[in-house]
Structures are given as structure tokens and as C-alpha cells.
Amino acid sequence: MNFAYGQTLRRAGKRREADTVLKNARDAYAALGARTYVERCDRELKAGGLHTARLTPGLARLTPQEQAVARLVADGATNQHAALELFISVKTVQYHLTHVYSKLGIRSRSELAARFREMSAQDRPSSGSSVDPGAVH
């Protein structure tokens, strides 16, 4: 319920109020272990522009909505699935993808997926790190 209210507030231009409501909703979903709703809250917070996360240089040029569409498509989502997940139209997904491709200098979904794999590989520790893969955390 708070999630929907937060979405409504953000879309009505009440970003600060929406940020508070969405953060509360996120905390409640996290306590329940509802990962999907936590991710939705994170995307909504990011779309509002008040919740900033560490971005890779290529992604920094994208708007929050473009980033959300790009992540879903890079993970293999169809335009229809991305639209359902983000509560936007398929046409809006196509619009954002066009801008993502242009800004990142790519021409296809496979190039987008490859770019995301490269970026996530850069975020992982190198093979020479002292992390014990068998350790229980």
C-alpha cells in the first residue's frame, strides 16, 4: 500500500514526500524478505532522483528510467516484460531503449547485455584477492 502511495506522490511531483513513503515501504518489504518489492521500491526511489547509488561511468549518462529499462533488458527481459515490471507502456520501453542505445553507442540487445556484463565484471574482486570462496558468510 505504501509503495503505491509513494508512486502516486512521485508522479504528482511530490518527490520529498514520495521519498519518505517509499523508504518506509522499502524497509517494511526488506523486513518481510520481499526482494521483488524491495527492488521495485529502489527503482521508484531512483526514478525520483532523490536516492542516488554508485553508478558506472557509462550508466551515469542515463536517466533513472533509462537505467531501469536497460538493466531489465540486459538481463533478458522482453519489452513487454520490462513494461509490466516498470508499470509503463511497451512504447515507453522502446523510447527509453532508443535513447539508451544512442547514449551508450550500441545497436542491439546483445551489445547492451555485453556492456552490463563488462561493467559487473569490473565491480567484482580480482582473482588475486584474498576472498575465500569456501567461507561461509
Side-chain angles (χ1 to χ4, degrees):
M1 182 98 133
N2 280 342
F3 174 71
Y5 180 56
Q7 281 182 312
T8 303
L9 287 171
R10 184 184 69 79
R11 291 183 176 120
K14 298 178 179 181
R15 291 174 29 181
R16 292 200 188 282
E17 289 176 60
D19 190 49
T20 302
V21 170
L22 288 166
K23 282 180 183 177
N24 290 338
R26 185 196 185 287
D27 292 343
Y29 290 134
L32 294 170
R35 248 184 43 215
T36 300
Y37 284 99
V38 169
E39 291 169 4
R40 286 182 179 176
C41 287
D42 287 342
R43 279 196 303 266
E44 197 69 27
L45 285 163
K46 198 181 240 184
L50 293 174
H51 183 271
T52 56
R54 184 173 71 81
L55 300 173
T56 56
L59 288 180
R61 294 188 307 241
L62 303 179
T63 67
Q65 285 293 84
E66 289 168 348
Q67 291 171 30
V69 168
R71 284 186 200 285
L72 287 169
V73 170
D75 287 340
T78 64
N79 288 3
Q80 291 81 7
H81 177 76
L84 285 172
E85 186 72 25
L86 297 171
F87 302 103
I88 58 178
S89 72
V90 173
K91 192 76 172 168
T92 303
V93 170
Q94 293 168 345
Y95 173 85
H96 287 310
L97 273 179
T98 300
H99 286 93
V100 167
Y101 290 172
S102 175
K103 288 179 180 181
L104 297 180
I106 58 177
R107 292 183 294 220
S108 69
R109 289 174 177 273
S110 59
E111 286 182 58
L112 181 62
R115 179 70 59 95
F116 271 76
R117 279 194 304 273
E118 290 169 9
M119 289 185 283
S120 65
Q122 292 169 356
D123 290 340
R124 283 190 217 119
S126 64
S127 59
S129 72
S130 60
V131 175
D132 178 8
V136 177
H137 297 283

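For reference, positions follow the sequence shown, starting with 1.
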If the condition is side chain to side chain contact (heavy atoms under 4.5 Å, CB included), which residues does Ala113 pass it with, not counting sequence neighbours?
Arg117

Does Arg10 offer a backbone N or O that forms a donor-acceptor pair with the side chain of Arg15 under 3.5 Å?
no

Spatial distance of atom OH (Tyr37) from atom CG (Leu32) [nearest 0.5 Å]:
11.5 Å

Between atom CZ of Arg71 and atom CG of Leu86, what is the distance when rounded to the nearest 0.5 Å?
12.0 Å

Which residues satisfy the side chain to side chain donor-acceptor pair (under 3.5 Å) test with Arg11, sequence neighbours excluded?
none

What is the minimum heavy-atom distance between Pro64 and Ala47, and which atoms define it?
CB-CA, 3.5 Å

Criterion salt bridge (Lys or Arg N to Asp or Glu O under 4.0 Å) on Arg26 and Glu44, from CA distance to verdict:
CA-CA 10 Å; Arg26 185 196 185 287; Glu44 197 69 27; over 6 Å; no

State, to 0.1 Å, how close Leu112 and Ala70 come at their nearest heavy-atom pair, and which atoms those are.
CD2-O, 3.7 Å

Out of curiosity, does Ile106 fall in the hydrophobic cluster containing Leu72 (side-chain heavy atoms, cut-off under 4.5 Å, transitive links)?
yes

Value for CG (Leu97) from OG (Ser108), rounded to nearest 0.5 Å, stands at 11.0 Å

To the nearest 0.5 Å, what is the distance between NZ (Lys46) and CG (Leu22)?
14.5 Å

N/O donor-acceptor pair under 3.5 Å between Arg109 side chain and Ala74 backbone:
no

Measuring from atom CD of Glu66 to atom NE2 of His99, what distance do you get when rounded to the nearest 0.5 angstrom?
6.5 Å

Closest non-hydrogen atom pair between Ala82 and Ala77, with its separation
N-CB, 4.3 Å

Minimal non-hydrogen separation, Asn2 against Ala25, with atom names:
CB-CB, 3.6 Å

Restricting to side chain to side chain donor-acceptor pair (under 3.5 Å), what partner residues turn up for Thr8, sequence neighbours left out?
none

Is Thr92 reaching over with its side chain to a backbone N or O of Ile88, donor-acceptor style, under 3.5 angstrom?
no

Is there a donor-acceptor contact under 3.5 Å from the side chain of Gln67 to the main chain of Leu62?
yes

With rounding to the nearest 0.5 angstrom, report the CG to OH distance, Asn24 to Tyr29.
11.5 Å

So do the side chains of Thr98 and Lys103 get within less than 4.5 Å of each other, counting heavy atoms only?
no

Counting only heavy atoms not in Tyr101, do more than 12 fall under 6.0 Å of its OH?
yes

For the residue pair Phe87 and Phe3, categorise the inter-ring angle as parallel (less than 30°), tilted (30 to 60°) or perpendicular (more than 60°).
tilted

Does this structure show an ion pair linking Arg43 with Glu85, if we count only N-O contacts that are shorter than 4.0 Å?
yes

SB check Asp19 Lys23 (cutoff 4.0 Å):
yes

